Asker: 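Have a look at the structure that comes next, please.
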Amino acid sequence: MNTLIAIIGLGVLCLLFEIFNLRKAIVPITILGLLGVLGLTISEFNSTESYYNNMIVVSKFSSTFSSLFIVLTIFLVALGHNFYENHQSKISDYIAIKIFLLAGAVAMVSFGNLAMFFLGIEVLSIALYILAASDRMNLKSNEAGMKYFLMGSFASGIILFGICLIYGAMGSFDVTEISELSQSAELPVWFPIGIVLVTIGMLFKVAAVPFHFWAPDVYEGSPALTTALMSTLAKVVAMASLYKLLSVMNADVSESFKMVVVIIAMASMTVGNIMALRQTNVKRMLAFSGVSHAGFMLMTLLSLSTSAGSLLYYASAYSLSGIAAFSVILYVCKNRDNEDIVNFHGLGKTNPLLAAILTAALLSMAGIPIFAGFFAKLVLFSQTIQAGYLALVIVAVVNSIISVGYYFKLILAMYTKEPNEERKGTPVIIYAVAVIAIVLNIALGLFPSLVLDLLA
């Protein structure tokens with residue numbers, strides 16, 4: 001609860017900085033504030049408390065995932081220092097929206113009541129709609145914002161309808177009461193229907209097949225920094241909240257439900273990777289890559305009682321490599337009309353460090369040692385085999401091999417093609433964020449227990 005209050009206070013403070021003409025101090029003070037909030041969250045790792053009639057529940061699960069969200073937000077705020085310098089709107093608006101988005105993300109993993117769960121979804125979603133359309137003079141950004149708003153609102157309506165059915169079946173929004181009532185031998189038919197509807201809505205937020213059609217267009221049309229936010233922070237928030245929702249409601253008892261999860265996971269991996277092979281735009285490629293990674297993370301839903309640590313580890317590995325990759329994309333594609341692979345030609349010669357960082361990030365996503373992405377998949381595969389889903393693991397391994405094709409297409413473009421033009425100097429903040437993110441990724445690969453043991 002203290003974390004949520006501190007984040008909201010920091011967001012209000014960002015808006016006040018603009019009034020007092022302290023624009024240059026917004027980013028550094030926001031980062032310092034987020035570091036303080038991170039320390040506050042870490043101090044609550046071992047506490048379990050509920051607030052406001054169980055609306056907010058602080059637990060080890062909520063604290064660890066909230067810490068990940070805060071770290072990702074620090075990176076995204078830091079990258080915004082140079083990204084928004086040419087925009088007509090004030091930088092305080094963008095930073096404040098990101099902070100309030102973080103508040104929604106924390107609420108989505110700290111809820112003890114379905115009303116708070118839905119409130120967190122809406123706070124996060126509305127912030128994303130605004131950021132997707134934030135480049136007002138760009139037609140693609142306007143289209144991305146409108147498309148995301150329409151599709152996202154439809155998904156939110158499905159989630160809300162599902163919550164209403166759950167309430168109609170159980171007579172309560174409190175997840176503890178719902179969990180106790182779900183142990184009953186005879187459950188109203190509205191309860192499983194409600195669970196299915198909420199799951200469908202959250203699968204849209206995760207961009208899993210067949211609810212992924214919005215992702216490539218929205219990722220491509222949105223400003224690059226917003227795409228980075230959607231593909232890292234927003235995706236892992238949605239996955240973590242779906243995991244918590246199903247686990248607290250004991251929704252893993254149905255074998256038919258698990259088979260649906262298996263089918264969706266297989267489809268997400270396969271469709272995402274095959275479609276990514278055909279892309280020439282890097283943001284669209286990473287959008288389909290994100291669809292594939294959503295399929296991998298859905299594997300954690302097959303063993304809800306034991307896979308919280310593996311979900312945290314996979315989410316950390318994926319999001320850190322995503323931040324590192326988008327840091328390089330922001331540098332390469334700044335002031336360009338597109339993010340096509342041709343823009344990356346010869347990057348290995350003109351900027352070897354950033355080329356190496358992007359290569360490392362892509363190798364982590366592909367699941368190559370020594371990066372955290374490899375060990376995250378290894379842990380996930382091991383747990384899935386123990387749960388009795390060997391066929392799913394085989395499909396996942398095949399898809400990991402397929403993903404190497406489009407990741408190496410970009411890597412080869414950087415090292416085997418001649419540069420199109422001389423690139424200007426790189427901002428220090430780009431180097432800092434990219435290096436720190438990839439170093440953290442490698443550290444998690446070398447010492448996976450640092451994350452896995454947090455939710456053991």
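Quick caveat: nothing in here was measured; it's all calculated off a predicted structure.
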Asker: side-chain contact (heavy atoms from CB on, under 4.5 Å) with Val451: which of Thr64, Leu312, Leu68?
Answerer: Leu312

Asker: Less than 4.5 Å apart, side chain to side chain, heavy atoms only: is that true for Ile195 and Leu246?
Answerer: yes

Asker: Should the pair Arg284-Glu220 be classified as a salt bridge under the 4.0 Å nitrogen-to-oxygen rule?
Answerer: yes

Asker: Decide yes or no for Lys235 and Met297: does some side-chain heavy atom of the first lie under 4.5 Å from some side-chain heavy atom of the second?
Answerer: yes

Asker: Side-chain contact, heavy-atom cut-off 4.5 Å: Phe408 with Leu362?
Answerer: no

Asker: Are the side chain of Ser319 and the backbone N or O of Ser316 linked by a donor-acceptor pair below 3.5 Å?
Answerer: yes

Asker: List the steps, then state whether side-chain contact (heavy atoms from CB on, under 4.5 Å) holds for Tyr219 with Leu286.
Answerer: CA-CA 8 Å; Tyr219 276 39; Leu286 291 179; 5.6 Å; no

Asker: Check whether more than 12 heavy atoms from other residues, nucleotides or ligands sit under 6.0 Å from atom CD of Glu122, and answer yes or no.
Answerer: yes

Asker: For the residue pair Asn351 / Tyr431, report whether a side-chain donor-acceptor contact shorter than 3.5 Å exists.
Answerer: yes

Asker: Verify side-chain contact (heavy atoms from CB on, under 4.5 Å) between Leu302 and Phe257, making sure each step is shown before the conclusion.
Answerer: CA-CA 9 Å; Leu302 300 173; Phe257 180 84; over 6 Å; no

Asker: Does a donor on one side chain and an acceptor on the other come within less than 3.5 Å for Ser403 and Asn273?
Answerer: no

Asker: If you count heavy atoms of other groups shown closer than 6.0 angstrom to CZ of Phe447, is the number above 12?
Answerer: no

Asker: Would you compute the distance between atom CE of Met239 and atom NZ of Lys244 and round it to the nearest 0.5 angstrom?
Answerer: 14.5 Å

Asker: Under the side-chain hydrogen bond (donor to acceptor under 3.5 Å, both in side chains) rule, what pairs show up with a residue in residues 381-390, not counting sequence neighbours?
Answerer: Ser310-Gln383

Asker: Would you check if Leu102 and Leu34 make a side-chain contact, meaning some heavy-atom pair closer than 4.5 Å?
Answerer: yes

Asker: When you compare the side chain of Leu440 with that of Ile436, does any pair of heavy atoms fall below 4.5 Å?
Answerer: yes

Asker: For Ser67, which of Thr3, Val37, Ile42, Leu72 qualifies under side-chain contact (heavy atoms from CB on, under 4.5 Å)?
Answerer: Ile42

Asker: Calculate, to the nearest 0.5 Å, the distance between atoms CD and CG belonging to Glu339 and Asn281 respectively.
Answerer: 5.5 Å

Asker: Taking it one step at a time, do Tyr314 and Val379 satisfy side-chain contact (heavy atoms from CB on, under 4.5 Å)?
Answerer: CA-CA 9 Å; Tyr314 196 100; Val379 171; over 6 Å; no

Asker: So, does Ser241 use its side chain to make a donor-acceptor pair with the main chain of Ala238 at under 3.5 Å?
Answerer: yes

Asker: Show the nearest heavy-atom pair for residues Val123 and Phe100, with the distance to one decimal.
Answerer: CG1-O, 3.3 Å

Asker: Looking only at heavy atoms, what is the nearest atom pair of Ala265 and Gly295, with distance?
Answerer: CB-O, 3.5 Å

Asker: Just distance, no hydrogens or angles: give the donor-acceptor pairs under 3.5 Å from side chains in residues 365-375, sequence neighbours left out.
Answerer:
none

Asker: With rounding to the nearest 0.5 Å, note down the distance linking CG in Leu79 to CD1 in Ile74.
Answerer: 12.0 Å

Asker: Go through the structure and list residues passing side-chain contact (heavy atoms from CB on, under 4.5 Å) with Val271, not counting sequence neighbours.
Answerer: Val209, His212, Met275

Asker: To the closest 0.5 Å, what do you measure between CD1 (Ile97) and OG (Ser134)?
Answerer: 7.5 Å

Asker: Mind checking whether Tyr129 and Tyr148 have parallel, tilted or perpendicular rings, split at 30° and 60°?
Answerer: perpendicular

Asker: Within 45 degrees of the axis of the six-membered ring of Phe45 and under 6.0 Å from its centre: does Lys60 put its NZ or CZ there?
Answerer: no

Asker: Answer yes or no: does atom CZ of Phe149 have more than 12 heavy-atom neighbours from other residues, nucleotides or ligands under 6.0 Å?
Answerer: no

Asker: Determine whether Met202 and Phe117 make a side-chain contact, defined as any pair of heavy atoms from C-beta on separated by less than 4.5 Å.
Answerer: yes

Asker: Give a yes or no on whether a salt bridge exists between Lys140 and Asp135, defined as a side-chain N under 4.0 angstrom from a carboxylate O.
Answerer: no

Asker: For the residue pair Phe118 and Ile159, establish whether any side-chain heavy-atom pair is separated by less than 4.5 Å.
Answerer: yes

Asker: Looking at Lys409, I want to see if its NZ is surrounded by more than 12 non-hydrogen atoms of other residues, nucleotides or ligands under 6.0 Å.
Answerer: yes

Asker: Between Ala96 and Cys14, what is the shortest heavy-atom contact and its length?
Answerer: CB-CB, 4.1 Å

Asker: Is there a side-chain contact between Leu76 and Ile323, using heavy atoms and a 4.5 Å cut-off?
Answerer: yes

Asker: Let's go through Thr41 and Ser63 carefully: what are the C-alpha distance in whole Å and the side-chain angles of both, what is the deciding distance for side chain to side chain donor-acceptor pair (under 3.5 Å) to 0.1 Å, and is it a yes or a no?
Answerer: CA-CA 6 Å; Thr41 307; Ser63 297; over 6 Å; no

Asker: Between Ile394 and Leu390, does the side-chain contact (heavy atoms from CB on, under 4.5 Å) criterion hold? Intermediate values first, please.
Answerer: CA-CA 6 Å; Ile394 293 173; Leu390 179 60; 4.2 Å; yes

Asker: Testing the 3.5 Å rule here: is there a donor-acceptor pair between the side chains of Tyr407 and Ser289?
Answerer: yes

Asker: Output yes when Glu418 and Lys349 qualify as a salt bridge under the 4.0 Å nitrogen-oxygen rule, no when they do not.
Answerer: yes

Asker: Can you confirm whether the side chains of Lys205 and Ser125 place a donor and an acceptor under 3.5 Å from each other?
Answerer: yes

Asker: For Leu225 and Gly80, work out which heavy atoms get closest and say how close.
Answerer: CD2-CA, 3.6 Å

